[in-house]
Structure formats: C-alpha cells, structure tokens
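Notes for the one structure printed next.
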Amino acid sequence: MKKVLVVAPHPDDETLGCGGTLLKHHDKGDEIHWLIVTHMFEEQGFSKFKIKKRDQEVKNVANLYRFHSTHKLKYPTSELEIIKLGKLIGGISEVVKKVQPEIIYVPYPGDVHTDHEIVFNATSACTKSFRYPFVKKVLAYETLSETDFGINPDHNGFRPNLFVDISKYLDKKIEIMKVFESEIGDFPFPRSEKAIRSLAAVRGAACGAQAAESFMILREIW
C-alpha cells in the first residue's frame, strides 16, 4: 500500500489531471489524499449560494473518490500571487508532513493559470529528500484548458514520459467531473466530456490503451 497525495490548485484540477489514475490507485489498495489550495470568498464577488454549492460539490467528489483525507488551505482563488510564497509553502508542508505520501501529483508549471505555476513551485519546495524522505515520486499532470493553453516560449511544453491505462475508469472520471457543474460545458469548450474523452484517446494511442492519462516524471527514487 502506498500513500498518494494530489495537489489541486482548484477543485476539478485533480479530476481533469489524474482522476482515472486516482481511481486506479484506490482499486490497487493505495491510500489517496486530496489537497485543495484555493477557495472562493464573498469578498471576491462569489455569492453565498455559489460558495455553498462548491463546498457540497467538493464533499460529493471526495466521497466518489473515497479519499482517505481532504485538506483545504483556503487561499483566495486566482489571487495566489499576492500570497507570500513562504506562507503557501508552509501550508502545503504541513499537509505533506501529516500525510507522508510516497507519491505526489502536481500541476504542470507551464499552465496558463498562474495559480498552477505558483502551486507547483510551492509544492516543489516540499519534496526535498532531506526534509521529506518519504516522498519517492513526483509527477506533473496536465489540465485541460490550462496546460494546452500555455504559450510561454520559454517552456518546452508538456512532454509526458509516463502513461497510465485508465480505460476501466474513464466513465467514472467523467461522472465525477460532471459534479462540478459550472466547470464543464459543451464542446468545443475544453472542459467538456468530448474533450476529456478525446485527450484520453490520444494518450491511449501513445501507449496502446483505449484511454490513458499522461504525466511527466519529475523525480523518482528507487
């Protein structure tokens, strides 16, 4: 049994990026944990109804995945750039030390959403072997509407070197994604059922599976 932690800048990133893989981990007997970095606040213009609805969606999604634990740092969404990096690192570090995961999934740093890059950088600081010796593998996941929209020429782009067959879990992944009603739309919206299935098919074709999720292995210790 392995402990697995997925770090999500926003609820739904974990599902888009590695939902099928998380379901597969659970079926293998691994212990899966969810860290959500941001939260909606009325001061940002979100209504009480929308905030309450999102909280219920998170609860429903956690139950569908059967996460062993869910952690919420509750930093303001889309405003992580105003948070001192050291404070963000501290919050993530507390969760990493508590969970002691062997495997960590993080967003790709070249994503167009700045929250993703900031969360990647903060999480990276929480994987140092001399402070977090239990972390043996760190993988970056791709997020539809974020990874594929990155145009920074200094980034080499998402280049996967690990593929996970999720043929058995794709339908469940999409079912879970649909819980986030405001985050999914009709094609050609990138966070649509057709787009999710299409990416899974492309990644599957690269590894000989009907459907797959892909990752970049950033660190692995044997």
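We use all heavy atoms of the structure for the numbers below, so side chains are in, but hydrogens, waters and symmetry mates are not. Bear in mind the structure is a predicted one, so any value in this text is a computation, not a measurement.
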Can any side-chain N or O of Glu213 pair as donor or acceptor with the backbone N or O of Gly20 at less than 3.5 Å? yes

Please tell me if the side chains of Met177 and Asp12 come closer than 4.5 Å, counting only heavy atoms from C-beta onward. yes

Would you check if the side chain of Tyr75 reaches a backbone N or O of Pro9 as a donor-acceptor pair within less than 3.5 Å? no

More than 12 heavy atoms from other groups under 6.0 Å of CD1 on Ile151: no

Could you check whether any side-chain N or O of Asp165 sits under 3.5 Å from a backbone N or O of Ser167, counting only pairs where one atom can act as donor and the other as acceptor? yes

Please say whether more than 12 non-hydrogen atoms of neighbouring residues, nucleotides or ligands are located less than 6.0 Å from CD in Gln210. no

Kindly say whether Thr127 contributes a backbone atom to a donor-acceptor pair with the side chain of Arg219 at under 3.5 angstrom? yes

Where the side chain of Ser192 meets the backbone of Pro188, is there a donor-acceptor pair that is under 3.5 Å apart? no

Backbone N/O of Phe163 and side chain of Ser214: donor-acceptor pair under 3.5 Å: no

Under 4.5 Å side-chain heavy-atom separation, chaining through any Ile, Leu, Val, Met, Phe, Trp or Tyr, what else clusters with Val112? Say none if it is isolated. Phe149

When you check the side-chain N and O atoms of Thr147 and Tyr141, is any donor under 3.5 Å from an acceptor? no

Would you say that more than 12 heavy atoms from the other residues, nucleotides or ligands in this model lie under 6.0 Å from the CD of Glu94, or not? no

Output, in order, the C-alpha distance, side-chain angles, deciding distance and verdict of side chain to side chain donor-acceptor pair (under 3.5 Å) for Ser93 and Tyr132. CA-CA 9 Å; Ser93 176; Tyr132 309 88; 2.7 Å; yes

Between His10 and His116, what is the ring plane arrangement, given parallel below 30°, perpendicular above 60°, and tilted in between? tilted

Aromatic ring pairing His39/Phe41, orientation class (parallel under 30°, perpendicular over 60°, tilted between): perpendicular

Residue pairs involving residues 194-222 (criterion ring pair (Phe, Tyr, Trp, His ring centres under 6.0 Å); sequence neighbours excluded): Tyr105-Phe215

Starting at CD of Glu31, measure out to NE2 of His26 and round the result to the nearest 0.5 Å. 9.5 Å

Could I get the full list of side-chain hydrogen bond (donor to acceptor under 3.5 Å, both in side chains) partners for Glu57, not counting sequence neighbours? Lys53, Arg54

